[in-house]
Amino acid sequence: GKSTLIAQCANQIPLSQKVIILSFNEKIATEMKSKLRTRIPNRFPGDENDWKHTQAATLNSRGQRLISSYYRYRLHQPLNLNVKKDKIDDVVESLCNELFDRRKQRYLEQLNAYKKSALYPLGTPPVKPKRRPCYTAFTGLLRLSRASLYRPTQSSGSNLKQIIAFYGIEINVQLDLDWAVQALQRIECETVARFNESHQITLDEQIYMPWALDLRDPFPWDWIFIDECQDLSPLRIDLLRRLSKPTTRFLFVGDNDQSIYGWTGADPRCFDRIRSEFSPFTFELTSTFRCSHAVTEFAQKYVPKITAFEGNLKGEVLKYPNGGPLPELKPGDAVLSRLKSGLINIAIRLIRGGCKFQGFDDLLDENILGLLQRIYEEQSDALNVPERLGRVAIVIETDIDLNGCSAEKVELYDLSVALKGLSEAFPGIRDFAGLRQQLHQVCKGTSEGPLLSTIHKQKGAEFNNVLIVDFSLLPLV
């Protein structure tokens, strides 16, 4: 498997040469380091220089470390970076609203023309725009243009047009392309100004700022290994270059058919880019040593070339209808969902069935719960808890249409719907305090039984059996 390959390669490298293994999330990086300490202990002698020999880290953490190191050792200006975890700032929100206003103005003009047409009210009336698609379109444009190394102050609108077409971003290039270029120019200027003034960056900017400011690591690596390289973007590949020196050797390990981070800019053409820029030797692994024959056969519907190693288990793939009986779940199994709301619904059913499970209480956002409570308490006291939560969902949906959308509002809406189901499952709940207490009790689970988690959080993990919630809603291609 891939982990074994990485360990074996690292074991061949002299201890005098620095090796870093880069992953896409903290969980995978931590697990990788644990595996390496067991499999190649010689690269972890246990002294104070342990970290100098071999590191396993995330791309984001190395991007942030590069920024800090450059300012400290090259510019002699030590700084404390302030990582802003908000998913949307005031400038982005303002531009999302501008896009909505542009679409609304065009809608009103089309509606007026429609009403004045000779055949009115026959024909198809124009569709009224909503704010949530505007938020999705513009934040996607920002994220994917950065991932594609688009510099709005220097690049042409035609380059941006190609990015919009490739990723299918819902931006009207005939009517809004010039505005989009200007909007991205404004964000670039605001981002650099914010960094210079307060040393504040967002999570995405941990990778973006080294490129935007043209920084290089003062202490480059001798070897750079990249796990799950199918999720690289041009921006992430640029970061690898900035962590390296002319003699650095690279090892890319990945599967082009397992890319799940397209929304962050993962480019399906990255394998071609790697071949072009790094001229690597290529070794193909078309057999899976992890999946059973049945799971592999099912996966062949989407990835025909994959085969199962002949010694793998036979296994089976079963389909369970939504709302139907759940399969028997045991320790070592997992229930995975794209959304936390899906996990809450499954947790309720497992509790009712007397099944213990390892919970996901750590995934709950107390800030989101606090905001949800405030909206809940503004509703009529005459309503019971499920009715008030139904009203909360309507309030959030209306606010999205009127005042703009954000990732937090989407999460807030999904959680309100899930909590309505929770209150219906436990009719003894009388207020939000009781609802919150019941939610934590449901999500906490135990230290026994199957694991409940999100799909992205468990990327690369292994389980005996996996139940995927709402499989039909997954983007499979």
Side-chain angles (χ1 to χ4, degrees), residues 20 22-26 29 55 57-95 138-155 159-160 163 167 180-221 224 226 229 231-245 248 261 263-267 270 273 277 407:
I20 187 168
L22 296 173
S23 304
F24 281 83
N25 66 54
E26 188 64 38
Q55 284 193 29
T58 63
L59 282 151
N60 283 69
S61 67
R62 293 315 308 180
Q64 181 176 334
R65 182 69 177 266
L66 186 158
I67 298 170
S68 299
S69 297
Y70 185 89
Y71 272 77
R72 180 176 181 179
Y73 296 105
R74 287 284 186 265
L75 302 182
H76 306 290
Q77 300 176 13
L79 54 81
N80 292 318
L81 284 177
N82 177 18
V83 181
K84 182 182 179 183
K85 295 186 177 181
D86 293 346
K87 299 175 183 176
I88 183 170
D89 59 26
D90 293 341
V91 178
V92 176
E93 184 174 7
S94 173
L95 291 168
F138 186 75
T139 54
L141 177 69
L142 172 61
R143 183 170 55 249
L144 296 172
S145 63
R146 285 180 169 180
S148 302
L149 300 180
Y150 176 77
R151 198 182 294 275
T153 55
Q154 300 176 9
S155 303
N159 292 336
L160 185 61
I163 295 171
Y167 287 105
V181 173
Q182 294 172 8
L184 294 177
Q185 289 173 350
R186 176 180 168 187
I187 289 180
E188 183 177 14
C189 294
E190 293 278 356
T191 299
V192 174
R194 167 166 41 83
F195 175 82
N196 291 333
E197 180 180 346
S198 61
H199 301 152
Q200 186 182 78
I201 59 175
T202 65
L203 293 173
D204 288 343
E205 289 164 3
Q206 290 173 322
I207 295 177
Y208 169 73
M209 292 307 291
W211 173 73
L213 300 176
D214 194 20
L215 311 180
R216 298 193 69 88
D217 195 338
F219 307 103
W221 295 84
I224 299 178
I226 303 92
C229 71
D231 288 318
L232 288 172
S233 64
L235 182 63
R236 291 186 175 115
I237 292 177
D238 176 83
L239 177 62
L240 299 180
R241 290 295 196 187
R242 296 177 184 280
L243 296 172
S244 68
K245 53 187 176 182
T248 296
Y261 289 98
W263 52 278
T264 69
D267 191 336
C270 72
R273 186 183 295 270
E277 293 188 19

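Bear in mind that the values here come from a model prediction, so they are computed numbers and not experimental data. Numbers here are sequence positions counted from 1.
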**OP:** Answer yes or no: is there a side-chain heavy-atom contact under 4.5 Å between Leu239 and Leu22?
**Re:** no
Subject >> Partners passing salt bridge (charged side-chain N to carboxylate O under 4.0 Å, His left out) against Glu188 (at least two apart in sequence or in another chain) >> reply: Arg151
Subject >> Set of residues satisfying side-chain hydrogen bond (donor to acceptor under 3.5 Å, both in side chains) with respect to Gln64, sequence neighbours excluded >> reply: Gln206
Subject >> Polar side-chain atom of Ser155 near backbone of Pro152 as donor-acceptor pair, under 3.5 Å >> reply: no
Subject >> Gap between atom CH2 of Trp211 and atom CZ of Arg236 - 0.5 Å precision >> reply: 14.5 Å
Original post:
Could you give the distance from CD1 (Ile67) to CG (Leu81), rounded to the nearest 0.5 Å?
Top reply: 5.5 Å
**OP:** With rounding to the nearest 0.5 Å, note down the distance linking CG in Leu240 to CG in Leu59.
**Re:** 6.0 Å
**OP:** Evaluate side chain to side chain contact (heavy atoms under 4.5 Å, CB included) for Gln55 paired with Ser61, printing each intermediate quantity in order.
**Re:** CA-CA 12 Å; Gln55 284 193 29; Ser61 67; over 6 Å; no
Original post:
Which atom pair, heavy atoms only, marks the closest approach of Gly63 to Pro210?
Top reply: O-CG, 3.9 Å
**OP:** Quick one: list whatever passes side-chain hydrogen bond (donor to acceptor under 3.5 Å, both in side chains) with Asp214, sequence neighbours left out.
**Re:** Arg242
**OP:** Considering non-hydrogen atoms only, spot the tightest contact between Ala183 and Leu95 and give its length.
**Re:** O-CD1, 3.7 Å
Subject >> Ser68: partners by side-chain hydrogen bond (donor to acceptor under 3.5 Å, both in side chains), with sequence neighbours left out >> reply: none
Subject >> Minimum-distance pair of heavy atoms, taken over all atoms of Leu144 and Ile163 >> reply: O-CG2, 4.2 Å
**OP:** Report the residues that fulfil salt bridge (charged side-chain N to carboxylate O under 4.0 Å, His left out) with Arg74, sequence neighbours left out, ordered by chain and then residue number.
**Re:** none
Subject >> Taking every non-hydrogen atom, the tightest pair across Ala147 and Pro234 >> reply: O-CD, 3.2 Å
Original post:
Could you give the distance from CD (Glu190) to OG (Ser94), rounded to the nearest 0.5 Å?
Top reply: 9.5 Å
Original post:
Can Tyr150 and Leu235 be said to form a side chain to side chain contact (heavy atoms under 4.5 Å, CB included), step by step?
Top reply: CA-CA 9 Å; Tyr150 176 77; Leu235 182 63; over 6 Å; no
Original post:
Which heavy-atom pair separates Cys229 from Cys270 by the least distance, and what is that distance?
Top reply: O-SG, 3.4 Å
Original post:
Partners of Asp217 by side-chain contact (heavy atoms from CB on, under 4.5 Å), sequence neighbours excluded?
Top reply: Arg62, Leu66, Phe219, Trp221, Leu243
**OP:** For Tyr71, check ring pair (Phe, Tyr, Trp, His ring centres under 6.0 Å) against everything at least two apart and list the hits.
**Re:** Phe195
**OP:** Would you please name every residue forming a side-chain hydrogen bond (donor to acceptor under 3.5 Å, both in side chains) with Asp204, sequence neighbours left out?
**Re:** none
Subject >> Non-neighbouring partners of Asn82 that pass side-chain contact (heavy atoms from CB on, under 4.5 Å), sequence neighbours left out >> reply: Gln200
**OP:** Could you pull out all residues at least two apart from Glu205 that satisfy side-chain contact (heavy atoms from CB on, under 4.5 Å)?
**Re:** Arg146, Thr191, Arg194, Ile201, Thr202, Tyr208, Met209
**OP:** Could you tell me the separation between the CG atom of Asn159 and the OG atom of Ser145, rounded to the nearest 0.5 Å?
**Re:** 11.5 Å
Original post:
Say you draw a straight line from OG1 of Thr58 to CZ of Arg65; how long is it, rounded to the nearest 0.5 Å?
Top reply: 12.0 Å
Original post:
Residues two or more places apart in sequence or in another chain: which of them pass side-chain contact (heavy atoms from CB on, under 4.5 Å) with Glu277?
Top reply: Ile237, Arg241, Arg273
**OP:** Could you pull out the closest heavy-atom pair between His199 and Asn80, with the gap in Å?
**Re:** CB-O, 3.9 Å
